[in-house]
Student: 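Okay, here's the structure, questions in a sec.
Here is the naming used below: chain letters follow the sequence lines, and residue numbers restart at 1 for every chain.
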Amino acid sequence: MEELNSRYNSKEVEDRMYAFWQSENLFAAKVNPDKKPFCIVIPPPNVTGILHMGHALNNTYQDILIRLRRMQGFESLWMPGTDHAGIATQNVVERQLAKEGLKRQDLGRDKFLERVWQWKEQYGSTIIRQLKKLGASSDWQRVRFTMDEEYSQSVKEVFVALWNKGLIYQDDKIINWCPRCQTALSDEEAAHREVQGNLYYIRYSLKEEIRNSKFEIRDKSQIENHTSQNYIVVATTRPETMVGDTAVALNPKDERYKHLIGKTVIVPLIEREIKIIADELIDMEFGTGLVKVTPAHDSNDYEMGKRHTLEFINIMHPNAVLNTNAGDYNGLDRFEAREAIIEDLKERKLIEKIEPHTHAVGHCYRCSTVIEPYLSRQWFVKMEPLAKPAIEAVKDGRINFYPKRWAKVYLNWMENIRDWCISRQIWWGHRLPVYYCKECLKTGSQCKVESVKCKEKGIIVAKVKPQKCPDCGGGDIYQDEDVLDTWFSSWLWPFATFYWPFNTKDEACLPARQGRRMKDEKDLNYFYPTSVLVTAPEIIFFWVARMIMAGFEFMGKEPFKDVYIHGTVRDVEGKKMSKSLGNIIDPLEIIEKYGTDALRFSLISITASGQDVFLSEQKFEVGRNFANKLWNASRFSLMNLDLSLVNVDLCVLFEKEDLELPERWILSRFYSMLSALNKALDNYRFNDAANILYEFVWHEFCDWYIELAKPNLVSGLAGERVSGESKNTQIVLYKVLEKTLRCLHPFMPFITEEIWQKLSLTSLVPRPPSFVSIMTQPWPHVQKKIIDKKAESQMQLAIEVITAIRNLKAEVKIAPAQAVKVMLIAKDKEVKSALDTVASYITNLGRVEALTIQGAPAKLKKGISAIVHEVQVFLELEGLLDIDQEIERLTKEADALAGSLKSKESRLKNKDFLKKAPEEIVEKEKESLAQGQEKLASLQRVISELKK
RNA sequence: GGGCGAUUGGCUCAGUUGGUUAGAGCGUCACAUUCACAUUGUGGAGGUCACAGGUUCGAAUCCUGUAUCGCCCACCA
């Protein structure tokens with residue numbers, strides 16, 4: 001027996017316990033044919049990441065599932081790792097360089113990459129350390145990084161395979177360009193945000209009309225139609241792009257302007273002549289219905305440019321500074337150029353009007369710079385063929401989203417999928433396995449080598465750099481400068497983490513792998529498809545959808561069966577937590593102040609399934625208080641247990657011994673709770689699960705069972721003779737506590753382990769190896785035999801009578817602990833005998849000094865009454881009573897009751913109700929009416945007696 | 001423009017397939033405290049479930065519409 005401190009000290013426990021788990025190697029998973037696999041791959045946090053509440057929530061869910069399934073007998077693997085996060089990490093290191101007054105170009109590519117690796121070595125494991133603080137039971141021996149050499153091998157394999165299938169291509173397109181990061185981005189990486197801008201109406205002169213000098217006539221309809229004899233008006237939000245205009249477009253159906261098609265206008269300021277063209281794309285309703293066309297700087301305009309063979313004029317440098325094509329505006333930043341052009345147009349009276357206009361503008365998801373639609377040559381993945389099986393799998397239920405509604409979001413995106421721009425003009429990342437032969441590029445024409453399917457002569461796609469060109473045999477070969485989108489490696493995570501592929505021919509580059517290959521392949525076959533993916537909604541497109549596509553393409557199977565999408569963590573005002581808003585609640589600070597278990601339990605219990613959670617620091621008190629409650633209940637138990645007694649089989653005990661009511665009751669309640677808990681967990685209803693446990697531990701085990709058990713325990717303590725009752729009480733107290741700890745363990749791993757070890761270490765000497773940790777204990781099974789509805793209803797009667805007594809005391813301001821005289825008057829003999837069974841508990845917990853139970857109405861002394869079920873609870877009082885007040889109180893209650901009974905009566909007189917409602921509902925209603933009437937009669941009897 | 005989510009006591013939220021008197025935590029008020037726990041115990045007050053229609057014997061729950069807030073998607077310059 002051991003004395004525990006009266007407060008749970010999380011700091012003292014957590015690090016010690018985590019180290020213990022690791023030293024016992026309890027997180028490791030391996031192929032085990034005797035067990036079913038359960039596997040989760042972690043959404044790899046950015047290697048630059050530091051733990052925020054989103055991570056805390058996300059990883060707590062995963063850890064709960066992993067620990068739960070492990071206890072349920074699955075071989076449970078949580079694959080950990082980090083993502084190299086191309087742009088984000090490059091930005092971090094560039095910022096570090098900037099402090100030394102350096103740019104990455106000053107170092108050169110190789111030296112810069114050395115710096116990034118250095119940075120990674122130094123800081124890259126921060127997030128992993130923090131996940132450990134959270135209690136994460138990942139198999140750390142397997143920790144992966146998306147830039148590991150083996151992982152790169154997977155990436156290359158995939159690139160080459162897709163290329164060979166014709167699903168990767170290079171093309172000139174308008175892509176999302178970040179002028180600050182100076183790289184292309186995918187459509188998903190362009191975050192659209194509403195921006196308050198202007199719509200500028202600008203006059204373009206008609207060349208023919210100027211020549212004819214018919215300026216002066218301008219009739220009313222022309223003014224309304226934004227045209228004049230000598231100019232037209234176009235509307236634009238981006239006037240700076242006009243220097244790149246190569247046409248003006250209108251809808252061919254637009255009666256207002258039909259006559260203008262084919263005419264020539266002059267772009268103001270740079271005085272370029274351009275044609276007026278007709279294109280279906282133009283919306284007649286918007287602006288003036290006349291649109292300036294800038295094919296090199298807008299994706300719609302680009303399409304039109306191709307259709308009408310317009311000139312593509314690039315007006316910008318990659319950093320969004322205008323180039324020589326911009327004439328006088330050469331050298332100005334795009335936004336400066338906008339101002340300057342507006343000024344110049346105003347001066348020349350070429351602006352008709354300026355209207356405020358809000359529209360969605362793309363921003364770089366890494367640095368928030370406004371994205372520029374930019375024409376450039378990039379690499380793309382053709383997505384439609386990949387999407388097909390991924391759509392089917394969700395439609396036919398091989399993959400399930402929880403909550404369901406996210407499947408719709410997923411399908412909608414997948415069914416309208418666009419090609420994926422995968423090349424990035426940065427240095428940190430997987431370099432494209434694309435090589436160029438200088439010689440062949442020079443000579444041009446179609447490539448002869450069939451196997452590499454290159455469209456253009458001189459392009460070689462291969463996992464390893466070729467020594468010489470397979471086409472011309474030349475040796476002057478260089479690699480493409482670009483790297484791949486980070487997500488092009490992440491989408492392989494569910495199988496690349498198992499060192500896929502295994503049949504690579506390029507063994508020379510990975511000698512270290514040879515011995516491991518068999519084992520790795522077995523691992524993958526065993527754990528893939530993984531069981532569930534846990535993530536936040538914002539990465540469904542980035543990652544979840546793409547993993548599903550890659551899973552089918554390369555493994556021929558879905559990568560996971562369930563996708564659990566949880567909410568976003570927000571601050572009290574509903575804003576996303578972010579550093580820039582300064583509204584962060586740091587999980588590590590919470591751990592420091594409240595403890596990891598408190599953090600985990602609070603987060604889970606307040607986050608409804610799939611709903612966003614609005615967080616404030618105060619909410620962590622819930623978990624802290626609960627941990628402390630559990631701690632003290634355990635402390636009490638340990639102080640009162642003779643642990644040599646408790647090592648018996650519960651089911652045997654239950655069958656052999658005639659257990660007392662409180663024991664039968666709490667066991668029944670425990671298994672009822674367990675059954676509900678299992679159901680909640682199977683449906684990913686984590687907050688329900690947490691609250692079911694909370695309710696049971698606090699309000700049933702602590703509030704009632706421990707209190708009921710105290711008399712037995714206190715008398716059987718400290719080496720004194722252990723009576724039969726006390727022994728059974730001890731056993732049940734121990735069993736329920738121990739099993740409850742197991743149920744709580746996935747949620748609160750540290751405190752449950754600490755208590756459990758104190759319980760089991762002392763009780764089992766010598767301990768079998770399986771008793772090392774609560775982690776490896778089996779999850780309790782529901783014992784249906786032990787669920788005892790009769791015991792539950794008997795106890796319920798006692799609880800309600802006790803509550804009534806406490807109520808009456810509060811009514812007349814008697815302290816709860818003060819002993820009183822109570823008489824219970826039962827309706828009949830049956831009820832009386834039920835009361836007799838629970839009399840001792842009522843005496844005890846109601847703090848009653850003299851309890852009398854009557855089988856029939858009796859003559860009452862002075863006192864106050866309450867009616868519970870079929871019992872009148874009468875509290876005897878000496879001179880404390882104001883009879884009028886008591887009459888008033890009871891009358892009020894009777895009136896309220898009469899009201900509700902009236903509505904019941906009328907319902908039961910309603911023929912439709914009797915005819916249409918299910919029988920059991922009608923029966924229930926009748927029963928409840930009868931009970932209510934009984935109670936009302938009792939109340940009225942008491943009132944009339946008082947009046948005498 | 002399309003889609004999704006939310007609207008329930010002072011605050012934060014539960015409420016599975018419609019079924020007695022709508023729950024919890026926090027806060028608040030009263031009472032208690034040598035008893036495992038003040039990170040506690042006991043009890044009270046506090047809600048016409050955003051609004052308007054409809055379906056139904058019966059609606060917080062299902063349907064239609066409205067309002068407010070939030071999120072995601074979209075090539076109307």
Student: In this structure, is the centre-to-centre distance between the rings of A:Y705 and A:H699 below 6.0 Å?
Tutor: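 They do not qualify: ring centres at least 6.0 Å apart.
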Student: What distance, rounded to whole Å, do you find between the two P atoms, one in B:U12 and one in B:G70?
Tutor: 15 Å
Student: Take atom C1' in B:A14 and the same atom in B:C49, then report the distance between them in whole Å.
Tutor: 13 Å
Student: Pairing check on B:U7: which nucleotide meets the Watson-Crick or G-U wobble criteria with it, both distances under 3.5 Å?
Tutor: B:A67
Student: Measure up the A:W698 and A:F626 rings against each other and bin them: parallel (under 30°), tilted (30 to 60°), perpendicular (over 60°).
Tutor: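 Correct class here is parallel.
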Student: Can you check whether A:N625 has a side-chain N or O nearer than 4.0 Å to OP1 or OP2 of B:U40?
Tutor: yes
Student: Can a side-chain donor-acceptor contact be found between A:T241 and A:K292 if the only test is distance below 3.5 angstrom?
Tutor: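 Yes - a donor-acceptor pair under 3.5 Å links their side chains.
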Student: May I ask you to verify if any side-chain N or O of A:N910 is less than 4.0 angstrom from the OP1 or OP2 atom of B:G58?
Tutor: no
Student: Taking the nucleotide of RNA chain B with the nearest heavy atom to each, does A:N628 or A:K619 sit closer to the 5' end?
Tutor: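 Residue closer to the 5' terminus by nearest nucleotide: A:K619.
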Student: In whole angstrom, give me the gap between the P atoms of B:U17 and B:C31.
Tutor: 45 Å
Student: Between A:Y564 and A:F686, what is the ring plane arrangement, given parallel below 30°, perpendicular above 60°, and tilted in between?
Tutor: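 Correct class here is perpendicular.
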Student: If I take atom CD in residue A:E919 and atom C1' in nucleotide B:G19, what distance separates them, rounded to the nearest angstrom?
Tutor: 15 Å
Student: Could you measure between the two P atoms, the one in B:G15 and the one in B:U7, and give it in whole Å?
Tutor: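 Here B:G15 and B:U7 have their P atoms 9 Å from each other.
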Student: Expressed as a whole number of Å, how far does the P atom of B:A6 sit from that of B:G46?
Tutor: 29 Å
Student: How do A:E621 and A:A815 order along RNA chain B: which one's closest nucleotide is nearer the 5' end?
Tutor: A:E621
Student: Can you tell me if A:R847 touches the phosphate of B:C35, counting only side-chain N or O atoms and a distance under 4.0 Å to OP1 or OP2?
Tutor: no
Student: Is there a side-chain polar atom (N or O) of A:R418 under 4.0 Å from OP1 or OP2 of B:C75?
Tutor: yes
Student: Using the C1' atom as the reference point in each nucleotide, state the distance between B:U48 and B:U8 in Å, no decimals.
Tutor: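 These two C1' atoms come out 12 Å apart once rounded.
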Student: Any strand is fair game: report the nucleotide pairing with B:A22 by Watson-Crick or G-U wobble, both distances under 3.5 Å, or none.
Tutor: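 WC or wobble partner does not exist here.
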Student: Looking only at side-chain N and O atoms, does A:R624 come under 4.0 Å of OP1 or OP2 in B:U39?
Tutor: no
Student: With C1' as the reference atom in both, quote the distance from B:A24 to B:U68 in angstrom, rounded to an integer.
Tutor: 27 Å
